[in-house]
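For clarity, every value in this text was computed on a predicted model and none was experimentally measured.
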Amino acid sequence: MMATPSDRKATIIDGKAVAQTIRSEIAAEVRLLSEKYGKVPGLAVVIVGCRKDSQSYVSMKRKACAEVGIKSFDIDLPEQVSEAELISKVHELNAMPDVHGILVQLPLPKHINEEKVLGEISLEKDVDGFHPLNIGKLAMKGREPLFLPCTPKGCLELLSRSGISIKGKRAVVVGRSNIVGLPVSLLLLKADATVTTVHSHTKDPEKIIREADIIIAAAGQAMMIKGSWIKPGAAVIDVGTNAIDDPTKKAGYRLVGDVDYQEACKVAGWITPVPGGVGPMTVAMLLKNTLDGAKRVIEQ
């Protein structure tokens, strides 16, 4: 049965609206920097090759920069670029004073070692928050990384701006990727939640997920989490973006999350839609990280 507006219980967390609010806060700060110091934040966006999805992400990030007054440095490299050339490009950007953030769009072509490239980005410019030292500090009590990874940071921002407290709550993170699952579980732990990670080898994930006050779904499995798996009133943050066939759509597919949205709406207290939930927040947090990196340098 489709959920009609009358039996919809969950409050929809509008990531698009929250991200827009954050963007205007950032734009105001960028204006102040420009007026006071005559300088604006700079973000270098490096893309290798011509993967369609990567290109659309990158153009979105570049457009977002322009919107808030951040200068973007566009580095487009051919698919065949050698690892050494890419690394020397990164070193060049590390040395540029007008560049406050460096983002290397992943995935990189197979012949390039991702870990090696990311490790070469200056810690002070690691706006993606993927440098092992930033992740390491995130994992340690009493240490603060220079930057938090954008998607996890966006997830927590959505919770806090929706008035959902984390302290003492049971949180379940579905997925353990370096980009989302692992760092978001560390962030929740830092915010005093009791955290469980569910992954491909977890026995009876349904039982564990059902106990969660907060669910962060980042498994990359279309509609894996059913409505019946959700504790009534829980907050559900759906990071998944999965394309499923839909002949009624012009593109022939539609995007769905890792959570069965229609079912979950009837049970959850709060839920993010896909698209329009976490996605816009990731870009907003990238802009925020770039601004913070620039402020550390400019306001010295």
- Verify, without hydrogens or angle tests, whether Arg143 (side chain) and Gly136 (backbone) share a donor-acceptor contact under 3.5 angstrom. no
- Rounded distance [0.5 Å steps], CG in Leu93 versus CD in Glu120: 12.5 Å
- Message: Can you tell whether the side chains of Arg210 and Glu206 come within less than 4.0 Å, N to carboxylate O?
- Response: yes
- Query: In Å, rounded to the nearest 0.5 Å, how long is the span from CG of Leu159 to CD of Glu157?
  - Reply: 10.0 Å
- Task: Give a yes or no on whether Val236 and Ile13 share a hydrophobic cluster (residues Ile, Leu, Val, Met, Phe, Trp, Tyr; joining criterion: side-chain heavy atoms under 4.5 Å apart).
- Result: no
- Any side-chain heavy-atom pair of Lys61 and Gln105 under 4.5 Å: yes
- From Phe147 CZ over to Leu123 CG, what is the distance, rounded to the nearest 0.5 angstrom? 8.5 Å
- Could you check if a side-chain atom of Leu43 sits within less than 4.5 angstrom of a side-chain atom of Val127, using non-hydrogen atoms only? yes
- Task: Could you tell me whether Tyr57 atom OH has more than 12 heavy atoms of other residues or ligands within 6.0 Å of it?
- Result: no
- Query: Taking it one step at a time, do Val30 and Leu287 satisfy side chain to side chain contact (heavy atoms under 4.5 Å, CB included)?
  - Reply: CA-CA 10 Å; Val30 170; Leu287 300 173; over 6 Å; no
- Carboxylate-amine/guanidinium proximity below 4.0 Å for Asp246 and Arg254: yes
- N/O donor-acceptor pair under 3.5 Å between Asp213 side chain and Arg170 backbone: yes
- Do Asp74 and Ser72 have side-chain atoms, one donor and one acceptor, less than 3.5 Å apart? yes
- Query: Any luck finding a side-chain donor-acceptor pair between Glu85 and Ser88 under 3.5 Å?
  - Reply: no
- Query: How about Lys226: does its NZ atom have over 12 heavy atoms from other parts shown lying under 6.0 Å from it?
  - Reply: yes
- Query: Would a 4.5 Å heavy-atom cut-off, applied to side chains only, mark Ile215 and Ile209 as touching?
  - Reply: yes
- Message: Quick check: do Val184 and Leu156 have side-chain heavy atoms less than 4.5 Å from each other?
- Response: yes
- Message: Is the positively charged end of Lys71 above the ring of Phe73, judged by distance under 6.0 angstrom from the centroid and angle within 45° of the axis?
- Response: yes
- Query: Any chance CG of Asn178 has more than 12 other-residue heavy atoms, nucleotides or ligands included, within less than 6.0 Å?
  - Reply: no
- Item | Pair His111, Glu83: side-chain N/O donor-acceptor within cut-off below 3.5 Å | no
- Side-chain contact, heavy-atom cut-off 4.5 Å: Leu33 with Leu291? yes
- Query: Step by step, would you call Tyr261 with Ile12 a side chain to side chain contact (heavy atoms under 4.5 Å, CB included)?
  - Reply: CA-CA 11 Å; Tyr261 183 77; Ile12 310 298; 3.0 Å; yes
- Out of curiosity, Asp14 CG to Thr21 OG1, how far, rounded to the nearest 0.5 Å? 9.0 Å
- Item | Non-hydrogen side-chain atoms of Arg23 and Glu67 separated by less than 4.5 Å | yes
- Do other residues, nucleotides or ligands put more than 12 heavy atoms under 6.0 Å from the CG atom of Asp245? no
- Item | Carboxylate-amine/guanidinium proximity below 4.0 Å for Arg62 and Asp76 | yes
- So, the side chain of Asp258 versus the backbone of Met224: is there a donor-acceptor pair under 3.5 Å, distance only? no
- Query: Salt-bridged, Glu25 to Lys288, with N to O below 4.0 Å?
  - Reply: no
- Message: Does any part of the side chain of Cys155, heavy atoms only, come nearer than 4.5 Å to the side chain of Val278, both counted from C-beta?
- Response: yes
- Neighbour count above 12 (heavy atom, 6.0 Å) for Glu299 CD: yes
